[in-house]
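For the numbers below, each heavy atom of this structure counts, side chains included, while hydrogens, waters and symmetry mates do not. Note that the structure is predicted; figures quoted are calculated from it, not measured.
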Amino acid sequence: MSQIRDLVQRHPDHQAHGILAIDSGYMRPLLDAIQLVVSDEGRVALIDTGTVHSVPQVLATLEQIGLQPDAVDWICVTHVHLDHAGGAGALAAVLPQARVAVHPRGARHLVDPSKLWAGTIAVYGEENATRLYGGLQPVPESRLVEINEGDEIRFGSRKFAVLDTPGHARHHVCYWDSDARALFTGDTFGLCYRELRDGVGRSHIFATTTPVHFDPPALHASIDRLLALNPEAIYPTHYSRATDVPRLGARLKALIDAHVAATEGIDPHAPDAHALLVEKLSALVLDEASTQAWGLQGEAALDLLAGDLDLNAQGLLVWMQSH
């Protein structure tokens, strides 16, 4: 296995501790990471899947590090939003030994993704939905494992502890690798796009409040749980490894509160509510970029986060309308 470890460590996307970041290719480069984790015995777990279009990248990465598709024991889904789980069925079809781990609330959508796909078409239209996601393949029920708080994912001598972390979605879990002191955080710990890194390489963070389960108190509690583990690094899906976690956690909690504050004075049923929220969130981005010295400023920061601001505003509207 020393040859495999050497290939992993020399891989251009090696992060640390046998963890590779695979760019799923979703929408733009460096937006959506699939984390590939290799044990000392050459057994593999994937965290999140990208879309159907991600399958060639995963297979190519396995080949580059000298592993066959049957080396993958687990496909670990943080939650079933399509940029995180849209490729689960397609990957299960080409990774014959892999079981698919998912929160019980999300399991039915992987076994029968028809409702997810219908909802996606309703939002994007069939042509755009197919271009972005390529369709959804079901995960065979026999390959699906519903995971709960305290469960363990084992592959070779390595293991993840499962943490139930609602707030972004009620079906969201994170995975704790105690050996690497690393957390695979999906969207619970926000967005850490690499383009936001400053001139000395510090990561920066932004909140994600996308539809439909945004719950500020639950999200604060989940972030505090993750911080209490004192991780060396987080691996958010958007986009892979970040350190200096206490600083990022403090900024993330402040940004969640700032998103909630942005809803004040806005009627969620008014026709211009979404536009007003995007305007307020855009001002928040400009201020955060300036005060925290992001690697992108002004219009460049707004351009990078334009899609996120639209989705964040949608999520805030859903939350406002439910309260």
D179-H17 side chain donor-acceptor pair, cut-off 3.5 Å: no
Contact list for residues 93-129, test ring-ring contact (aromatic ring centres under 6.0 Å, His included), sequence neighbours left out: Y124-Y133
CD/Q297: more than 12 non-hydrogen atoms of other groups inside 6.0 Å: yes
Heavy atoms of other groups near E152 CD, more than 12 under 6.0 Å: yes
R105: partners by side chain to side chain donor-acceptor pair (under 3.5 Å), with sequence neighbours left out: none
Exercise: identify the closest heavy-atom pair between G106 and V102: C-CG2, 4.0 Å
Summary of salt bridge (Lys or Arg N to Asp or Glu O under 4.0 Å) pairs that have at least one residue in residues 107-129, sequence neighbours excluded: none
Main-chain N/O of N148 paired with D151 side-chain donor or acceptor, under 3.5 Å: yes
Trace of the side chain to side chain contact (heavy atoms under 4.5 Å, CB included) decision for T51 with L132: CA-CA 8 Å; T51 71; L132 286 171; over 6 Å; no
Test side chain to side chain contact (heavy atoms under 4.5 Å, CB included) applied to S222 - qualifying residues, sequence neighbours left out: T165, P166, T188
Test log, rule side chain to side chain donor-acceptor pair (under 3.5 Å), inputs S240 and Q35: CA-CA 7 Å; S240 201; Q35 322 288 350; 3.1 Å; yes
For H259, all residues meeting ring-ring contact (aromatic ring centres under 6.0 Å, His included), sequence neighbours excluded: F206
Shortest non-hydrogen separation from A313 to L281 and the atoms involved: N-CD1, 3.9 Å
Gap between atom CG of L31 and atom CG of L191 - 0.5 Å precision: 8.5 Å
Cluster companions of L311 among Ile, Leu, Val, Met, Phe, Trp, Tyr (side-chain spacing under 4.5 Å): none
Plane angle bin for H171 and H79 - parallel if under 30°, tilted between 30 and 60°, otherwise perpendicular: tilted
Where L67 and G42 come nearest, the two heavy atoms and their spacing: CD2-O, 3.6 Å
Sub-4.5 Å side-chain heavy-atom contact between R202 and R197: no
E63 atom CD, over 12 foreign heavy atoms within 6.0 Å: no
Derivation and outcome, side chain to side chain contact (heavy atoms under 4.5 Å, CB included), residues D308 and D310: CA-CA 5 Å; D308 297 299; D310 175 65; over 6 Å; no
For L183 against P231, the heavy-atom pair lying closest together: CD1-CG, 3.7 Å
Steps toward side chain to side chain contact (heavy atoms under 4.5 Å, CB included) verdict (R154, R43): CA-CA 10 Å; R154 292 182 175 270; R43 306 310 299 173; over 6 Å; no
Partner set under side chain to side chain donor-acceptor pair (under 3.5 Å) for W176, not counting sequence neighbours: none
Within one Ile-Leu-Val-Met-Phe-Trp-Tyr cluster: M27 and L304, side-chain cutoff 4.5 Å: yes
Joint cluster assignment, L62 & V52, ILVMFWY side-chain distance < 4.5 Å: no
Residues R241, E232; criterion salt bridge (Lys or Arg N to Asp or Glu O under 4.0 Å); working and verdict: CA-CA 10 Å; R241 181 179 172 87; E232 175 186 301; 3.4 Å; yes
Interatomic spacing from OG in S282 to CG in D287 - rounded to 0.5 Å: 12.5 Å
Any residue meeting ring-ring contact (aromatic ring centres under 6.0 Å, His included) with H238, in chain and number order, not counting sequence neighbours: H84
Derivation of the side chain to side chain contact (heavy atoms under 4.5 Å, CB included) call for R143 and Q97: CA-CA 9 Å; R143 307 269 299 280; Q97 300 301 317; over 6 Å; no
L255-L309 co-clustered via ILVMFWY side chain contacts under 4.5 Å: yes
Candidates D215, D187, T78 - the one meeting side-chain hydrogen bond (donor to acceptor under 3.5 Å, both in side chains) with H168: D187
Y193 six-ring centre to R28 NZ/CZ under 6.0 Å and within 45° of normal: yes
Test log, rule side chain to side chain donor-acceptor pair (under 3.5 Å), inputs D164 and H172: CA-CA 6 Å; D164 192 357; H172 200 300; over 6 Å; no
Test item: S322 side-chain N/O and W319 main-chain N/O as donor-acceptor pair under 3.5 Å: yes
Backbone N/O of R181 and side chain of D177: donor-acceptor pair under 3.5 Å: no
Residues forming a side chain to side chain donor-acceptor pair (under 3.5 Å) with T185, sequence neighbours excluded: none
Contacts of D224 that satisfy salt bridge (charged side-chain N to carboxylate O under 4.0 Å, His left out) - sequence neighbours left out: K253
Reported CG-to-CD distance for the pair L196 and E288, which is rounded to 0.5 angstrom: 10.0 Å
ILVMFWY network linking L316 to V278, side-chain heavy atoms under 4.5 angstrom: no
Between NE2 on residue H53 and OG1 on residue T130, distance to nearest 0.5 Å: 8.0 Å
Verify same cluster id: L219, V212 (apolar side-chain graph, 4.5 Å): no
Other cluster members, V145 - Ile/Leu/Val/Met/Phe/Trp/Tyr, side-chain contacts below 4.5 Å: I19, V37, I47, W74, I147, I153, F155, F160, V162, V173, Y175, F184, Y235
Nearest-0.5 Å distance, CG of residue L36 to CD1 of residue I65: 5.0 Å
Pairing residues for D244 by the side chain to side chain donor-acceptor pair (under 3.5 Å) criterion, not counting sequence neighbours: R247
Closest non-hydrogen atom pair, V111 against P138: O-CB, 3.2 Å
Flag, side chain of S24 to backbone of G50, donor-acceptor distance under 3.5 Å: no
Least distance between heavy atoms, V94 atom then P69 atom: O-CB, 3.4 Å
Whether over 12 other heavy atoms sit under 6.0 Å from Q68 CD: no
Pairwise distance CG(N312) to OG1(T209) - rounded to 0.5 angstrom: 3.5 Å
Salt-bridge contact E41-R158 (side-chain N to carboxylate O under 4.0 Å): no
Derivation and outcome, side chain to side chain donor-acceptor pair (under 3.5 Å), residues T237 and D48: CA-CA 7 Å; T237 302; D48 285 343; 2.7 Å; yes
